[in-house]
Amino acid sequence: MMDSVPMVVFAGQVGRGALGTEAFQELNVMAVTRPIVKANYQVRDITDLQPTITQAFELANLGGRDQF
């Protein structure tokens with residue numbers, strides 16, 4: 001957070017059907033990363049992917065955390 005280097009990170013997860021079931025190697029990525037990111041997105045529908053990516057890059061190019 002102190003370097004102010006914009007990043008967009010794509011993280012994998014267990015399959016949609018296994019979310020919230022404590023499946024093998026499932027991790028609540030949203031909760032773990034929340035304290036250190038401007039925003040989290042969990043895309044569950046492929047039609048939401050492109051608008052979400054666009055929004056993520058726009059947000060990454062804004063100034064500090066307090067400007068979103």
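Sequence positions, counted from 1, serve as the residue numbers for this chain. All values below were derived from every heavy atom in this structure, side-chain atoms included, with hydrogens, water molecules and symmetry-related copies excluded. Since the structure is predicted, the reported quantities are computational estimates derived from the model, not experimental observations.
Put simply, Tyr41 and Leu62 are part of the same group of oily side chains (I, L, V, M, F, W, Y) that touch within less than 4.5 Å, one to the next.
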Checklist entry - Does the pair Arg44 and Asp48 meet the rule for a side-chain contact (heavy atoms from CB on, under 4.5 Å), with working shown? => result CA-CA 8 Å; Arg44 293 178 180 235; Asp48 296 331; over 6 Å; no

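Applying the side-chain contact (heavy atoms from CB on, under 4.5 Å) criterion to Val8, with sequence neighbours excluded, gives Phe10, Ala56, Phe57, Ala60. Take Glu58 and apply the side-chain hydrogen bond (donor to acceptor under 3.5 Å, both in side chains) test, not counting sequence neighbours, and it matches no residue.
Nearest heavy atoms, Lys38 versus Leu59: NZ-O, 3.0 Å.
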